[in-house]
Number of protein chains: 2
Amino acid sequence: MEAHAPGRDVSAEVAARLREAITSGRFMPNERLVEADLVTFLDANRANVRMALAMLDQEGLVVREPNRGARVRLLSDVEAIEIAEARRAIETMVARQAAERAGDDDRSVLQGIITDMKAAVAASDPVTYSRLNARLHREIQRIAANATASRLLQTLRSQLVRLQYQIALFPGRPAQSVVEHANIVAAICAGDGAAAEAAMRTHLDQVVANIRSAVTAARAGML
Amino acid sequence: MEAHAPGRDVSAEVAARLREAITSGRFMPNERLVEADLVTFLDANRANVRMALAMLDQEGLVVREPNRGARVRLLSDVEAIEIAEARRAIETMVARQAAERAGDDDRSVLQGIITDMKAAVAASDPVTYSRLNARLHREIQRIAANATASRLLQTLRSQLVRLQYQIALFPGRPAQSVVEHANIVAAICAGDGAAAEAAMRTHLDQVVANIRSAVTAARAGML
DNA sequence: ATTCTCAATATTGTCAACAATCTTGAGAAC
DNA sequence: GTTCTCAAGATTGTTGACAATATTGAGAAT
């Protein structure tokens, strides 16, 4: 009857490590993921590696072909845009729910992030800004308290990390983005669900447009 | 250099069979999924059964606990509603895209389904109606040509099949539903994306409301 | 030089045995 | 009668060997 150690699910943990490796760029898109190599890299046995690959396949981060192994999934242009559009559809709903459910402490957290964002923009610090950006979206999800939506958003976003990086570095993008974020926070703090949804949509319209630019730039061989 | 048989992925196929078994009600929510039993039921080896369970866990149809095996996931009330809300967010977008992309042949297909729906309602045939309902939503997805959204919708809907059944049998529901569907189709055929999105939202607002009723009814022990 | 063949290698897929953990039920202790 | 103990059985987790398939590269044929 002891407090029993977590008893973590090994294959899920292996999958988490592999996910992190892929999203952090340790493996490139289309790169082969050879099971034997992953066994040593992830410090796991082959059965768990295979299960992890199956999960990440289901998740859309990896593609498997029978008898030919797994590769990091390479997104086509249209897939990248589709994913960004799906994210927009879900996250606008989340913004509305956050506005309906935010408490006083939640509001001050959000406003604090906006303050830090403005400082980061003033200091021309895109790395810090990118981190605050991620944190703001996470906080909004937490406030919305919609676990299903959060799960969907996490998988959608993990498929786009590489592009997100490039977008955050678009010249002038943070300066514009911080205004959009401030509008979202203002609407949430006012408890105005419709306004929060609209502000989030405006923001994510920009993100979708930027991804369109990014993929056409990539197609033109500029990356 | 021959045309090489598909070379189907066995674990994916096993997962598909198990998914079908769960969504069709062969296994009840919370029912234990013992690996040895699944080996005989699915005619597969344990390695593939375990991979299938991992995939369906990732998909949200199954829950696994370390050293305690897998069960059919039992949705809580809030989870069921969250899933319906997420579906609404995605499918309204799909309706808009379908309106923007529908061709003449697409329009006639959709209108044909509406005609059949009216006939099914007139004949008080909820089973046929339910089938047409599923078919209409599938056709709209096909027309929208958004593979990512279709994939998300498929997994979301698979988690709700049991509830969907009950809702289709709500007295008077088909008669109301057919009007909503006709409005969606009219907007799509008119190429009016905004109207299609609004009509789909109206329709799915009803679905969400019905799921709220269904879960509260279930909680009251009426099912 | 190019293409073809095919054996050697690399890699994935399957399987069964074993280990680790959990669950059950009969009997002991109270 | 109820609770506790713990051994037997049931189930999940891990490992290694083997089979099946794909890839590679050197040499043959043209």
Side-chain angles (χ1 to χ4, degrees), chain A residues 1-19 21-22 26-74, chain B residues 1-19 21-22 26-74:
Chain A
M1 206 65 79
E2 69 278 49
H4 234 268
R8 72 279 150 70
D9 180 338
V10 180
S11 68
E13 232 173 54
V14 174
R17 282 202 290 272
L18 181 53
R19 184 186 299 114
I22 292 174
R26 172 71 181 73
F27 297 109
M28 291 292 120
N30 243 341
E31 181 171 346
R32 280 190 67 187
L33 298 171
V34 177
E35 294 176 4
D37 298 347
L38 295 180
V39 164
T40 67
F41 178 71
L42 299 171
D43 189 30
N45 56 38
R46 243 186 92 202
N48 282 324
V49 166
R50 283 170 68 74
M51 288 178 79
L53 287 171
M55 294 200 268
L56 266 52
D57 179 8
Q58 193 69 27
E59 195 172 321
L61 224 53
V62 153
V63 290
R64 289 186 307 153
E65 281 178 300
N67 290 316
R68 305 198 46 192
R71 297 172 171 275
V72 178
R73 183 169 173 202
L74 170 66
Chain B
M1 206 68 79
E2 69 278 47
H4 235 270
R8 72 279 151 70
D9 181 337
V10 180
S11 67
E13 232 172 54
V14 173
R17 282 202 291 272
L18 181 52
R19 183 185 300 114
I22 291 174
R26 172 71 181 71
F27 298 108
M28 290 291 121
N30 244 342
E31 181 172 346
R32 279 190 67 186
L33 298 171
V34 177
E35 294 176 3
D37 298 347
L38 295 180
V39 164
T40 67
F41 178 71
L42 299 171
D43 188 31
N45 57 38
R46 246 185 91 203
N48 281 325
V49 166
R50 284 170 68 74
M51 288 179 79
L53 288 172
M55 296 204 271
L56 266 53
D57 179 9
Q58 192 69 28
E59 198 172 320
L61 224 54
V62 153
V63 290
R64 290 186 305 154
E65 280 178 300
N67 290 317
R68 306 199 47 191
R71 298 172 170 276
V72 178
R73 182 169 174 202
L74 170 66

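To find a chain, count down the sequence lines: A is the first, B the second, and so on, and within it residues start at 1.
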**Message:** Rounded to whole Å, please give me the gap between CE in Met51(A) and C1' in dT12(D).
**Reply:** 10 Å
**Distance in angstrom units between Leu53(B) CG and dT11(D) P, rounded** = 14 Å
Is it the case that the side chain of [X] and the backbone of [Y] share a donor-acceptor pair, with hydrogens and angles ignored and the cut-off at 3.5 Å?
X        : Y        : result
Arg73(A) : Val63(A) : no
Glu31(B) : Met28(B) : yes
Arg71(A) : Asn30(A) : yes

**Asked** For DNA chain C, what dot-bracket results from Watson-Crick or G-U pairs at under 3.5 Å, with [ ] for crossers and | for inter-strand partners?
**Response** ||||||||||||||||||||||||||||||
N/O-N/O pairs, protein side and nucleotides 12-18 of chain C side, under 3.5 Å:
{"residue": "dT12(C)", "atom": "OP2", "partner": "Glu35(A)", "partner atom": "N", "Å": "3.0"}
{"residue": "dG13(C)", "atom": "OP1", "partner": "Asn67(A)", "partner atom": "N", "Å": "3.1"}
{"residue": "dG13(C)", "atom": "OP2", "partner": "Arg50(A)", "partner atom": "NH1", "Å": "2.7"}
{"residue": "dG13(C)", "atom": "OP2", "partner": "Arg50(A)", "partner atom": "NH2", "Å": "3.4"}
{"residue": "dG13(C)", "atom": "N7", "partner": "Arg46(A)", "partner atom": "NH2", "Å": "2.6"}
{"residue": "dG13(C)", "atom": "O6", "partner": "Arg46(A)", "partner atom": "NH1", "Å": "3.1"}
{"residue": "dT14(C)", "atom": "OP2", "partner": "Asn48(B)", "partner atom": "ND2", "Å": "3.3"}
{"residue": "dC15(C)", "atom": "OP2", "partner": "Asn45(B)", "partner atom": "ND2", "Å": "2.4"}

**Prompt:** Is there a side-chain contact between Val72(A) and Leu61(A), using heavy atoms and a 4.5 Å cut-off?
**Reply:** no
**Request:** Taking the side chain as every heavy atom from C-beta outward, state whether Val14(A) and Met51(A) have any pair of such atoms under 4.5 Å apart.
**Result:** no
**Item:** Cation-pi check, Arg32(A) onto Phe27(A) ring (under 6.0 Å, within 45° of axis)
**Value:** no
**Item:** All pairs passing salt bridge (Lys or Arg N to Asp or Glu O under 4.0 Å) where residues 37-49 of chain B contributes a residue, at least two apart
**Value:** Glu35(B)-Arg46(B)
**Item:** Identified salt bridge (Lys or Arg N to Asp or Glu O under 4.0 Å) counterpart of Asp9(B) within the set Arg64(A), Arg68(A), Arg50(A)
**Value:** Arg64(A)
